[in-house]
Every structure is written in structure tokens, then in C-alpha cells.
Amino acid sequence: MKQILCLLAMIAVVPAEPAAANENCFFISHWCGPEITRDRFAEAAEAGFSAILWGGSPEALDYCQALDVKGLVGDGRFGTNETDPNFERNLDGIIADYAQHPALWGYLVADEPFKASFRQLAAVNTYLLAKDPDHVPLINLNPNWCPPEVLGCSSYEAYVEEFIATVRPRMLSFDHYPILRDPREIAGDVEQTRRQKLYFENFEIIRRQSLEHHIPFNCIILATPHAHYGELSEADIQWQVNVALAYGARGVMYFTYTTPEGADYEYQPAIIDKKGKRTERFEQVKRINSRIRTLAPTLLRLTSTAVYYAGALPQGTKALPHGGLIGDVAGGDLIIGQFTSDDGSRYAMFVNQSSKKVAQVTISFSQKVALSEVDATSGIENPVATNSAGQASAWSIAFEPGQGRLIRLQTAENLLLRYWEDKP
């Protein structure tokens, strides 16, 4: 469980109606935000975070504005029950304190709620949007390893559906951490292994609900070892980001930025350690965030049409079908997120399924294609060399551990395409 002082950051929101301000931005942020000083906020901005959430200090928005980042506010007054006579007064007070500031992005309302609290959250969400439609109330959902009897629904999919139907959120958000400690240290921990196996299925459900209800989503990723969650390499963090991008996420958040206090979860040093010093993860995350920002202008124009798996097939996922434009992958295991751009162009996000091993693959296409890769350092689309394979094309390439590549695919002929769309 997250500590109350940890501060969530959110993604860009592209809701149906009404539209939120700055909706065409790709947001990157974190839990457990920096100390509220200009220097500490500047440090977070240097690391590539574009949104900072903090608790109860209106002047922090001035720092955000000066640094060209957005602010997300957490305020204890959100916890007031709708039956409390001060319910409306508290929410009006929050809106009065923050809503007029140009650096505000939205409000942190709740984290990991169960069904029993949906009605209360709906009351808060509805009131905020009625009085302040330009800013987004943020509610982060539980992961799918949480038992149905605890969630209060028959299944995780029913939990997400009930949340959408009751609360009518402007966005979806969830957390799920797949990097575990060495199995030898947690031998016999069947529950942790079960949670890890459910990781990709969680993305499947959130993506499905996101597309069906036209609500964007983000994912909170692991950046700080704690409890059963293990030490992470830069490839492990990059892999989590790339999985989210392959599923069409509009942004990511890191758990955590500063290192949480408390011994219960045995928190190891985060991006910033307990003494306020940068750890090696600071430069790692800075590099990863720079790549996300560079890809963002392209990502924001894309709509997810399908997600397939080549090679290993994790629980709840779909195998790459034969006969599609991307016909076969040999030599390694990939995640393939397929997209259509707002101008009709086709893109695919290819991600190495492993954050530990290189995947040396040959990707075969069912017809002649011209490929170009969106360079993650410049944003420029560069041609990719392919080989002719009869009336088709093939691409041989190595994917480093955790690596993803965003590719535009142009067909030489206007032939019928199968399996490009896999609608919910």
C-alpha cells in the first residue's frame, strides 16, 4: 500500500467531454514527490517529469509554472463523506485554492479504492467536474491480483466496469509491479508469482475498457525496490514503460521519486534517497523520460488497434495471428502493439518481452512494406532496411533487453489487411 504522503502524478487526459486543458500533452510523473522548494521542483523537472503532485501548498503551483511543468494537488479535504454537512464547503475550498492557477492539471482524489467507496467517489468526481470542468479528478485503481471478494466485484473486469459506470471518470489509472526479488529469497511465495503472471492480463483489461468507453489510461510502474519487489536495472524500468506504450498508455508514473519513510515495506533507495541525494536511478529515469518525450508527438496521434504476442504467450494475451500484415516473428519473443494514426498511417510498437535477454529476431510481413523508425533521440522517422522475401518483406533486427521500437509501416499495394484491428 502506498503511504499517504506519496504523491501521484498523472498522464495526459484525452476525455470525450468535457475536454480538459492541455489535453494533448503526454504527462510523466511519480509518487512521493520532492520537497516543496523551487530547487527540488527544478530537480524533478530536470529528470524529465512534466507533472508534479504534492499535498496542500498552493505556492507550489508557482514553482510549477516557473519550470513549465504542471501541478497535481492532493488535499485531505477530498476525504469528506457526501453525508458530511461540510462536503460541498470542503470541495469549494479546494477549487478556490487551486483552480484558477494556470499550472494546475488536476486533483488527486483517491488511490486503490474498492467498490464500496465508488458512490462516494462519484459524488466527489461529479461535483468537481461541475464546478471546475477544466481540471481532472484522478482516481487510481487496484491491480488485478487483488481478490474479487476484496474488490467487491465478481471479477477484475467487473470492478473496472463498475468503476466507470458509477464514477464516470475522466481517465483510468492503475498500478501493477512485475519485478520481483530473487526467487531464492522468497522461495515458496506462490502469491507473488501469481501476481507476476497476471501482469499482462491487467493491461489487456484496462486497454479493453479504455477503448470501449473512450477513456485514456496510464500505468504506474515500479522504480523503487520494496517488500517483495526486487532491484531494478535501467532495462527493467524501460521495459515497463515500453509495455505500457505498446498498449496505448498516454503516460506513465514512477513509484517512487523520493524514498518513502517507514520500515513496513523495507523501501530501498528510490530516484532520490532518504538524504535527498540522487541515486544512479536519477540519470536512468532522465534518459528514459527523454525518450518518452521525444516519441510523444507521434504517440499522441495514435489509436491502439491491437496487441499481439510473438513467441511466449503470457496469461490473458493473444498470439500474433497468421495472415496479418505482420505475419511471423522468428528468433525471439516480442509484444506487438498495432496503431492507426490520425492521418490513417499504420504504426507498430515492437517490444522485447524480456528485460534480461537480447532478442535477435526476423519479422516477416505478408506483403511488401517500407518501414521507418521513429528515432527516440530526435523524433525523426528514419528508413529501416528490409529484405525481399518473394512478394513480401522481412526485417532482421536485435532488440536489447527491455527495448521497444516505434515503426511506421507503409504498404506498397492497396491489398486487404487482416488482423490490423482487434476491437474490444
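Since the model is a prediction, treat every value here as computed from it, not as a measurement.
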Asker: Under 3.5 Å, is there a donor-acceptor pair linking the side chains of Thr377 and Asp375?
Answerer: yes
Asker: Residues two or more places apart in sequence or in another chain: which of them pass side-chain contact (heavy atoms from CB on, under 4.5 Å) with Arg168?
Answerer: none
Asker: Say whether, by atom type as modelled, one donor and one acceptor occur between the side chain of Asn242 and the main chain of Gly402 under 3.5 angstrom.
Answerer: yes
Asker: Using 30° and 60° as the class boundaries, would you call the ring planes of Phe217 and Phe174 parallel, tilted or perpendicular?
Answerer: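 Judged by the thresholds at 30° and 60°, the geometry between Phe217 and Phe174 is tilted.
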Asker: Can Gln403 and Gln238 be counted as having a side-chain donor-acceptor contact under 3.5 angstrom?
Answerer: no
Asker: Is the His176 ring parallel, tilted or perpendicular to the Tyr199 ring (thresholds 30°, 60°)?
Answerer: perpendicular
Asker: Could you check whether the rings of Phe27 and Trp105 sit parallel, tilted or perpendicular, using 30° and 60° as the cut-offs?
Answerer: tilted
Asker: Given the rule in the salt bridge (charged side-chain N to carboxylate O under 4.0 Å, His left out) test, do Arg77 and Asp75 qualify, once you have shown the distances and angles that lead to the verdict?
Answerer: CA-CA 5 Å; Arg77 289 172 288 181; Asp75 193 297; 2.9 Å; yes
Asker: Side chain of Thr258, backbone of Cys32: donor and acceptor closer than 3.5 Å?
Answerer: yes
Asker: Could you please spell out the steps behind the ring pair (Phe, Tyr, Trp, His ring centres under 6.0 Å) verdict for Tyr257 and Phe49?
Answerer: CA-CA 10 Å; Tyr257 179 69; Phe49 295 104; 5.5 Å; yes
Asker: Working note: Asp39 + Thr37, criterion side chain to side chain donor-acceptor pair (under 3.5 Å); need CA distance, chi angles, decisive distance, verdict.
Answerer: CA-CA 5 Å; Asp39 288 346; Thr37 69; 5.7 Å; no
Asker: Apply salt bridge (Lys or Arg N to Asp or Glu O under 4.0 Å) to Glu201 and list each qualifying residue two or more places apart in sequence or on a separate chain.
Answerer: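 If we apply the salt bridge (Lys or Arg N to Asp or Glu O under 4.0 Å) test to Glu201, skipping adjacent residues, there are no hits.
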Asker: Whether the side chain of Gln338 engages the backbone of Ala348 through a donor-acceptor N/O pair (distance < 3.5 Å, no angle test) should be reported.
Answerer: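 No.
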Asker: Would you please test Thr256 and Thr224 for side chain to side chain donor-acceptor pair (under 3.5 Å) and show each step?
Answerer: CA-CA 6 Å; Thr256 61; Thr224 302; 2.9 Å; yes
Asker: Look at the rings of Tyr265 and Tyr267 and say which category their plane angle falls in: under 30° parallel, 30 to 60° tilted, over 60° perpendicular.
Answerer: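 Aromatic pair Tyr265/Tyr267 classed tilted.
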Asker: Among all residues two or more places apart in sequence or in another chain, which pass the salt bridge (Lys or Arg N to Asp or Glu O under 4.0 Å) test with Asp422?
Answerer: Lys318
Asker: Enter the distance from Arg208:CZ to Glu157:CD here, rounded to the nearest 0.5 Å.
Answerer: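 Separation between the atoms: 4.0 Å.
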Asker: Working to the nearest 0.5 angstrom, can you tell me the gap between Glu400 CD and Ser354 OG?
Answerer: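 It is 11.0 Å, given to the nearest 0.5 Å.
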Asker: May I have the list of side-chain donor-acceptor pairs in residues 58-68 shorter than 3.5 Å, sequence neighbours left out?
Answerer:
| from | atom 1 | to | atom 2 | distance (Å) |
| --- | --- | --- | --- | --- |
| Glu59 | OE1 | Ser57 | OG | 3.0 |
| Glu59 | OE2 | Ser57 | OG | 2.8 |
| Asp62 | OD1 | His101 | NE2 | 2.7 |

Asker: Do Thr294 side-chain atoms and Ser290 backbone N/O form a donor-acceptor pair below 3.5 Å?
Answerer: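 Checked: pair present.
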Asker: Judged by atom type as modelled, is there a donor-acceptor pair below 3.5 Å linking the side chain of Asn202 to the main-chain atoms of Pro143?
Answerer: no
Asker: Just distance, no hydrogens or angles: give the donor-acceptor pairs under 3.5 Å from side chains in residues 117-124, sequence neighbours left out.
Answerer:
| from | atom 1 | to | atom 2 | distance (Å) |
| --- | --- | --- | --- | --- |
| Ser117 | OG | Phe114 | O | 2.9 |
| Gln120 | OE1 | Glu82 | N | 2.8 |
| Gln120 | NE2 | Thr80 | O | 2.6 |

Asker: Spell out, as yes or no, whether a donor-acceptor pair under 3.5 Å connects the side chain of His135 to the backbone of Leu104.
Answerer: yes
Asker: State, without any angle test, whether Asp236 and Ser355 hold a side-chain donor-acceptor pair at a distance under 3.5 Å.
Answerer: yes
Asker: Which value, rounded to the nearest 0.5 Å, describes the distance between Arg281 atom CZ and Ile272 atom CD1?
Answerer: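 Between atom CZ of Arg281 and atom CD1 of Ile272 there are 11.5 Å.
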Asker: Counting distance only, does the side-chain N/O of Tyr159 pair as donor-acceptor with the main-chain N or O of Asn142 below 3.5 Å?
Answerer: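 Indeed, once roles are kept as given, a pair shorter than 3.5 Å links the two residues.
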Asker: Classify the angle between the aromatic ring planes of Trp395 and Phe350 as parallel (below 30°), tilted (30 to 60°) or perpendicular (above 60°).
Answerer: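 Perpendicular: the ring planes of Trp395 and Phe350 meet at over 60°.
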Asker: Would a distance-only check, ignoring hydrogens and angles, find a side-chain to backbone donor-acceptor pair under 3.5 Å from Trp420 to Gly324?
Answerer: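 Flag not set: sc Trp420 to bb Gly324 has no pair under 3.5 Å.
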Asker: Counting only N and O atoms by type, is there a donor-acceptor contact under 3.5 Å from the side chain of Glu112 to the main-chain atoms of Asp175?
Answerer: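 Side chain of Glu112 to backbone of Asp175, a donor-acceptor pair under 3.5 Å: no, none is there.
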Asker: What residues form a salt bridge (Lys or Arg N to Asp or Glu O under 4.0 Å) with Arg346, not counting sequence neighbours?
Answerer: none
Asker: So, does Ser372 use its side chain to make a donor-acceptor pair with the main chain of Glu381 at under 3.5 Å?
Answerer: no
Asker: Can you measure from CG (Leu300) to CZ (Phe26) and round to the nearest 0.5 angstrom?
Answerer: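 One gets 6.5 Å once the value is rounded to the nearest 0.5 Å.
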Asker: Just do the side chain to side chain contact (heavy atoms under 4.5 Å, CB included) check on Ile164 and Gln209 with the steps written out, would you?
Answerer: CA-CA 9 Å; Ile164 293 171; Gln209 294 293 332; 3.9 Å; yes
